[in-house]
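One structure is given here, and the rest of the page talks about it.
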Amino acid sequence: MNVAPISRRPLASLKGTVRKVRQQRLLARSMATASEPTSTPTNSPSPLPDHNFFTFPDRKTSRIRTAFAVYSLPRALPSASKTTLIKTDTSPLPPQTLAAPHPDPLPALCRKQISLLDPTGARTALFARTNRDAARVGDVLMVTHRRGGEPFAGVLVSIRRAGIDTAILLRGRLTKVPVEMWFKVYNRNVAGIEIVKRAKKRARRARLTYLRQPKHDVGDVQNVVFAWKKSRNVLSTKTRAPGEKQRFEPKARK
Amino acid sequence: MAPRLPARCWRQIQLRTSSQSPSTSTRIVRAFSSTPLQSVKYGWSTLPKQDKPRRFNQTSLGLPAPTTGPAAALARRARTTPLRTGVLAIKKGMTAFMGKSGTRIPCTVLQLDEVQTVANKTRRKNGYWAVQVGLGTRNPVAVGAPMLGYFEAKGVSPKQHLAEFAVRGEEGLLPVGVQLMPDWFHVGQWVDVRSNSRGQGFAGGMKRHGFKGQEASHGNSLNHRTIGSAGPSQGSGSRVLPGKKMPGRMGNERVTVQNLPVLMVDNELGIVVVKGAVAGPKGAVVKIQDAVKKPPPPVEFIEQTRKLLDERFPHAEEQLEAARKRHLELKEARRAKRIEEIMAVGVVEGQAQGQAEVVA
């Protein structure tokens, strides 16, 4: 607000100015706290926490009808010390402060969990929207299970992005029977996910459910997987395969 | 025995004697009075004093302890009352933990938003042991004058929600004004979680109570989801028995989920993560307390949490005392319509002046 040029203004603006001043006086009257700081913790040895006054104005007169002290302890963010899943975190706060709550704990917890389950970030990167080399629907993927057994290969039908619950749906064949399987990307049982073959064209759907129709069914992908394995074996003796960088946790595979 | 005089006759004598000799204690004056003060408030009685026996079984006489009454009731409930207080929390939503063996563990995230103890309920004053706990902060505009005075006397800022947690004994009580953090709970312990379920509105018998409904065909007309008969006819009273399950409001009622394991506590995020689901929508207020049907957390852990509270809030007792004193001063000032002056002067001078005014 520019106060100085008021006198230089024409008299016609006086009305507005008066109105503004009146509004401000109203505001001051109905404000939740008194204008001046009421306690001086440095001077007084009183253990009383900092407080202001909440006032109830009298409707008829402009005076204060009654007032109550409203206390407020200083807020502090709790220390970001190590939190483990097994042991209780017992880092003391500075005394006589309230720990302010985290504004949105659920995504923060999710990030913490993902960083624990996927320290290298490979699993996240494989299905990240920002990654150009990420797997997309229509690609042929192969998932290796930690408990052994035959790796499952199939066409990526859909990606369900839900933080720690992120999952992929693969459609393949087991003993000539069409099978669809969901895999949780961050599950410890999923030892590795590899891109066997990229789709020729970018799919124009987010979920390729039409692959379930006989007309569009891709069918068996074992031939593709065999070919890919062969080429990889040939290449891995000399150089690295092109698909190698998409893989993670290669130790767990064998 | 001559009939006793009415109390109003004696009161004159009592008043006169007490005014004449203030040095004599009230005990002596009461010895004159023959009317039982406790049982008869108004009027008078000719019954002998303490006609009704108050205590039946005096254990000091070698008799068995009474099995009824407040003390017996508390003793009965002791086994199912947790040792220590619980906390209020807000349901933030569900997520999952991935277990070591590849299992997916669904869990609920509950956030503790500035949870503070507000008051203690004692056996002597209230008849039971409990801790009153507050959650969140509320704008004083939305708080009425009586509650503002209540919080003023406790020295805590106005809380959004208040709830009581019964504890077994005096050891479960906590100093007023301390903040309870998620590390109040031990990872691996069991808790009972109480909250209000989602309100479903007016629901029919099939949805509300799982009734079967009726046939789709065989001559059924417009009665496919109705509840059918409400009871037997003549011979059984031709009436609907109380408590008959019928259509009505469904949900938005207290639901307790027992024995949920605590998977994780995090002071930084202020969350307690429990396994499984908890009733109610996101943002619901939830009560968490040690499970009744499972062993409590280890004794060492409970001691450790109490020690931590003392470390974090070493001056809680003094603060409460100071707040109480200040509250009494302000209360007197409010009665005397001098609150404005106290506010103008400020706290330090205001205390001295306020007292002077009150005395004057």
Side-chain angles (χ1 to χ4, degrees), chain A residues 32 34 36 38-40 43-44 46-49 51 53-56 63-64 66-73 77-81 83 85-102 105-106 108-110 112-113 117 146-147 163-165 184 186-190, chain B residues 92-93 95-102 104 109 111-114 116 139-141 145 148-149 151-152 155-158 179 181-183 185-187 263-271 273 301 304 308 311-315 318-319 321-323 326-327 330 334 339-340 343 346-348 350:
Chain A
E36 61 188 288
T38 45
S39 85
T40 46
N43 293 356
S44 64
S46 159
L48 216 58
H51 70 276
F53 280 99
F54 177 76
T55 58
F56 285 82
R63 295 187 62 210
I64 293 167
T66 184
F68 290 89
V70 171
Y71 291 88
S72 57
L73 274 181
L77 285 173
S79 57
S81 67
T83 304
L85 294 176
I86 307 127
K87 224 177 133 277
T88 310
D89 173 26
T90 49
S91 61
L93 282 169
Q96 305 296 327
T97 52
L98 282 185
H102 193 277
L106 209 53
L109 172 68
C110 195
K112 263 189 182 179
Q113 293 285 302
L117 291 168
R146 191 179 62 161
R147 297 277 166 82
I164 188 119
D165 268 335
K184 297 279 178 194
Y186 295 107
N187 197 319
R188 286 172 207 267
N189 277 351
V190 174
Chain B
K92 281 290 167 182
T95 178
F97 279 8
M98 294 296 171
K100 285 234 164 98
S101 56
R104 179 181 175 278
V109 177
Q111 191 179 29
L112 275 60
D113 176 5
E114 293 186 359
Q116 271 179 296
N139 190 347
V141 172
L148 277 180
F151 289 118
E152 180 186 272
V156 298
S157 58
Q179 188 183 15
M181 302 284 285
D183 58 18
F185 293 105
H186 192 56
V187 172
L263 293 182
M264 178 186 182
V265 294
D266 192 330
N267 277 359
E268 194 193 338
L269 302 180
I271 55 170
V273 182
F301 176 79
Q304 194 191 349
L308 259 176
E311 266 175 42
R312 287 173 189 164
F313 293 87
H315 311 304
E318 295 133 54
Q319 270 190 358
E321 274 312 306
R326 180 79 175 135
H327 170 64
L330 291 173
R334 279 193 284 270
I339 191 76
E340 212 168 349
M343 282 173 58
V347 166
V348 183

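Heavy atoms only: backbone and side chains are in, while hydrogens, waters and symmetry mates are out. Just so it is clear: chains get the letters A, B, ... in the order the sequence lines come, proteins before strands, and each one is counted from 1.
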Any heavy-atom pair between the side chains of B:Arg334 and A:Phe68 that's under 4.5 Å? yes

Which atoms of A:Leu106 come close to chain B, meaning under 4.5 Å heavy atom to heavy atom: side chain ones, backbone ones, both, or neither? side chain

Note, B:Asp266 side chain near A:Leu109 side chain (heavy atom, < 4.5 Å): no

Look up atom OG1 in A:Thr97 and atom CZ in B:Arg312, then write down how far apart they are to the nearest 0.5 Å. 9.5 Å

Do B:Asp113 side-chain atoms and A:Pro101 backbone N/O form a donor-acceptor pair below 3.5 Å? no

Indicate yes or no: at least one non-hydrogen side-chain atom of A:Phe54 is less than 4.5 angstrom from one of B:Asn139. no

Are side-chain heavy atoms of B:Arg326 and A:His51 found at a separation under 4.5 Å? yes

Measure distances from B:Gln111 to the heavy atoms of chain A and classify the residue's part below 4.5 Å as side chain, backbone, both or neither. side chain

A:Pro105 vs B:Glu268 side-chain heavy atoms within contact, under 4.5 Å: no

Side-chain heavy atoms of B:Lys92 within contact of A:His102, under 4.5 Å: no

Is any side-chain heavy atom of B:Glu340 closer than 4.5 Å to one of A:Phe53? no

CA sep, side-chain torsions, deciding dist, call: B:Phe97, A:Leu117, side-chain contact (heavy atoms from CB on, under 4.5 Å): CA-CA 10 Å; B:Phe97 279 8; A:Leu117 291 168; over 6 Å; no

Can you tell which part of A:Ile64 gets under 4.5 Å to a heavy atom of chain B, answering side chain, backbone, both or neither? both

Which atoms form the tightest heavy-atom contact between A:Ala69 and B:Leu330, and what is the distance? CB-CD1, 3.8 Å

Would you say A:Asn189 and B:Met98 make side-chain contact, with heavy atoms under 4.5 Å? no

Is the backbone N or O of A:Leu98 less than 3.5 Å from a side-chain atom of B:Gln179, with the two atoms forming a donor-acceptor pair by type? no

What closest approach, in Å, do B:Met343 and A:Ala67 show between heavy atoms, and which atom pair accounts for it? SD-CB, 3.4 Å

Would you mind checking which part of B:Glu321 comes under 4.5 Å of any heavy atom in chain A, side chain (CB onward), backbone (N, CA, C, O), both or neither? neither

